[in-house]
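I have a structure here, written as structure tokens, and I will follow up with some questions on it.
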There are 2 protein chains.
Amino acid sequence: MKLSVRGKYALRALTVLGESYGPEVVRIQAISEQQNIPKRFLEQILFDLKSAGIVESRRGVAGGYRLAAPPDKIPLAKVIRHLEGALAPVGCISERFYEKCSCPDELKCPLRSIMKEVRDAIANILEHSTVADLVARAVKLRNQPDLPLDYVI
Amino acid sequence: MKLSVRGKYALRALTVLGESYGPEVVRIQAISEQQNIPKRFLEQILFDLKSAGIVESRRGVAGGYRLAAPPDKIPLAKVIRHLEGALAPVGCISERFYEKCSCPDELKCPLRSIMKEVRDAIANILEHSTVADLVARAVKLRNQPDLPLDYVI
DNA sequence: ATAAACTCTATTGACTCTATCGTGTTTTAA
DNA sequence: TTAAAACACGATAGAGTCAATAGAGTTTAT
């Protein structure tokens, strides 16, 4: 579940869209500049998110992107699953992206058993975190002095 | 933190070594056959684990590998970190494998803040699980009827 | 001495990933 | 009505990673 650059860009873009959620649309270029993301690459990513029904767009001179649902209705797990595939660290656990393993007997594989716990821990956080949480954290961090993350609860 | 095939092979091999932990050494070929791992590839992996001080070897005709420490003293996190690098899903969190991110301000990055929670959840499990746990689970699963993992607590 | 087994480096082929490019199409402000 | 802005979509290049194999060397029990 190492997040690719693509995935990071997507989540950062969604945070921007979440912050200005409403009927209005945000230009790609605005996101690109604010978040330091290559514009052409971002186009690709947003288009991909659109095909997943996560964002919607308006074309033309006053065009741009906006969230397709309220920020608190978009779990990060949904975004990551669409962009990166399985949350599980090994394919033989994943329900949606199952991949057969080479081990002698999957049902008796101790590694699979432990990795399932890891998967559940990850999924538990990412299913319950939404774009709204990202926005909330962004606001909170913005209004705080520069504390390292360890002191932020 | 998607585990590579290499990482899976390593952990499965360590489970075998854990099961027959003692002064005696296990041949690569035995592990390779039992676990369905390409022998030449496994050689490479075990040699790598040796350089990390996780296993030790004996050369010659009666040679082979054994754990360099008792199974309960080898946390899975150590193995995975050596083989795959950071446990964290994004490099800008990792203490041991830190990588700079392109975001405008890392200290105010909400994504980083959430991913730190994911990292902690993963690390919490993998720091406290050891090769001994893998062995214990293997034994347990072996003595059980074929239940899907969901019913195993 | 010989064979079995580890040691170590190199390399190959497939694949993935980031990023850029080109060329459309749609929309709308002027 | 026209031109510019922005999305749509596919193609592709370049770099890197990864699994797997290969080859030649060293060690050691018998």
Side-chain angles (χ1 to χ4, degrees), chain A residues 1-10 12-13 17 24-33 35-66 68 80 83-86 89-91 97 99-103, chain B residues 1-13 17 24-33 35-66 68 80 83-86 89-91 97 99-102:
Chain A
M1 226 269 328
K2 171 101 181 196
L3 207 55
S4 66
V5 172
R6 184 188 189 83
K8 278 186 267 184
Y9 287 168
R12 274 158 55 194
L17 294 183
E24 275 318 295
V25 115
V26 183
R27 280 187 305 151
I28 287 185
Q29 180 147 13
I31 304 173
S32 158
E33 282 168 8
Q35 286 292 321
N36 204 19
I37 301 172
K39 190 185 163 198
R40 291 309 289 276
F41 198 17
L42 184 56
E43 280 181 20
Q44 204 176 97
I45 294 166
L46 286 172
F47 182 68
D48 189 14
L49 289 177
K50 183 184 176 182
S51 79
I54 293 169
V55 298
E56 47 194 33
S57 68
R58 204 173 112 193
R59 304 180 71 162
V61 175
Y65 278 92
R66 60 188 218 91
I80 295 178
L83 259 57
E84 318 257 323
V90 292
F97 301 91
E99 282 174 280
K100 195 165 171 9
C101 180
S102 73
C103 70
Chain B
M1 225 269 328
K2 171 101 181 196
L3 207 55
S4 66
V5 172
R6 184 188 189 82
K8 278 186 268 185
Y9 286 168
L11 290 171
R12 273 157 55 193
L17 294 182
E24 275 318 294
V25 114
V26 182
R27 280 186 307 148
I28 288 185
Q29 179 148 12
I31 304 173
S32 157
E33 283 168 8
Q35 286 292 321
N36 204 20
I37 301 172
K39 189 185 164 199
R40 288 315 286 275
F41 197 18
L42 184 56
E43 280 181 20
Q44 204 175 97
I45 294 167
L46 286 172
F47 183 68
D48 188 14
L49 290 177
K50 183 184 176 182
S51 78
I54 293 169
V55 298
E56 47 193 33
S57 67
R58 207 174 108 189
R59 304 180 71 164
V61 175
Y65 279 92
R66 60 189 218 89
I80 294 178
L83 260 56
E84 319 256 323
V90 293
F97 302 90
E99 283 174 278
K100 195 167 170 9
C101 179
S102 72

Discussion item. From the set C:dT28, C:dA3, C:dA19, return the single nucleotide nearest to any side-chain atom of B:V61.
Written reply: C:dA3

Worksheet item: Across the strands shown, which category fits B:G63 at heavy-atom distances under 4.0 angstrom: base, sugar-phosphate, nothing?
Response: sugar-phosphate

Fill in: Gap between atoms NZ and P, on A:K2 and D:dG16 respectively (whole Å)
16 Å

Worksheet, complete the sentence: Taking C:dA19, D:dT21, D:dA8 as options, the one with an atom nearest any side-chain atom of A:V5 is C:dA19

Practice prompt. Specify the residue among A:Y9 and B:K39 whose closest nucleotide of DNA chain C lies further upstream toward the 5′ end.
Written response: B:K39

Discussion item. From the set D:dC7, D:dA29, D:dT21, return the single nucleotide nearest to any side-chain atom of B:A62.
Written reply: D:dA29

Response to the item:
With the side chain defined as heavy atoms from C-beta on, B:R27 is closest, among C:dA19, C:dT20, C:dC6, to C:dC6

Worksheet item: Given B:I80 and B:L11, is the side-chain contact (heavy atoms from CB on, under 4.5 Å) satisfied, shown in steps?
Response: CA-CA 8 Å; B:I80 294 178; B:L11 290 171; 4.2 Å; yes

Item to complete: Kindly give the heavy-atom pair with the smallest separation between A:R12 and B:C101, and that separation in Å.
Response: NH1-SG, 3.7 Å

Fill in: Side chain B:R58, main chain B:V25, donor-acceptor under 3.5 Å
no

Worksheet item: Does B:S4 make a side-chain N or O approach to OP1 or OP2 of D:dA19 shorter than 4.0 Å?
Response: yes

Discussion item. Could you tell me how far apart B:F41 (CZ) and C:dG13 (C1') are, to the nearest whole angstrom?
Written reply: 14 Å

Fill in: Between C:dA5 (C1') and B:E43 (CD): distance, integer Å
8 Å

Worksheet item: When the C1' atoms of the five terminal pairs at each end define the local axes, what inter-axis angle does the helix from C:dA1-D:dT30 to C:dA30-D:dT1 show, to 10 degrees?
Response: 10°

Fill in: Heavy-atom closest contact (A:L49 atom, A:A10 atom, distance)
CD1-CB, 4.2 Å

Worksheet item: When you check the gap from the basic side-chain N to the acidic O, do B:K8 and A:E99 get nearer than 4.0 Å?
Response: no

Worksheet item: Hey, does the side-chain of A:Q44 have a donor or acceptor N/O within less than 3.5 Å of a partner on the base of C:dT18?
Response: no

Worksheet entry | Any donor-acceptor pair under 3.5 Å from B:S32 side chain to B:I37 backbone | yes

Fill in: A:S57 side-chain N/O to D:dA6 phosphate OP1/OP2 under 4.0 Å
no

Item to complete: Quickly work out the A:L42 CG to C:dT18 C1' distance and round it to whole Å.
Response: 13 Å

Practice prompt. Using atom CD of B:E84 as one end and atom P of D:dA19 as the other, report the distance to the nearest whole Å.
Written response: 8 Å

Practice prompt. Classify the nucleic acid contact of A:I28 as base, sugar-phosphate or nothing, counting any heavy atom under 4.0 Å across all strands shown.
Written response: sugar-phosphate

Discussion item. Can you measure A:R6 atom CZ to D:dA15 atom P for me and round it to whole angstrom units?
Written reply: 20 Å

Response to the item:
From CG of A:L46 across to C1' of D:dC7 the rounded distance in Å is 10 Å

Fill in: Check: A:E84 side chain, A:S4 main-chain N or O, donor-acceptor pair, under 3.5 Å
yes

Response to the item:
From CZ of A:F47 across to P of D:dA6 the rounded distance in Å is 18 Å

Worksheet item: Considering all heavy atoms of both residues, which atom of B:Y65 and which atom of B:S57 are nearest to each other, and what is their separation?
Response: CE2-CB, 3.6 Å

Practice prompt. Return the nearest nucleotide to the side chain of A:R59; candidates are C:dC6, D:dA20, C:dT26.
Written response: C:dT26

Worksheet entry | Phosphate OP1/OP2 of D:dC7: any A:K50 side-chain N/O under 4.0 Å | no

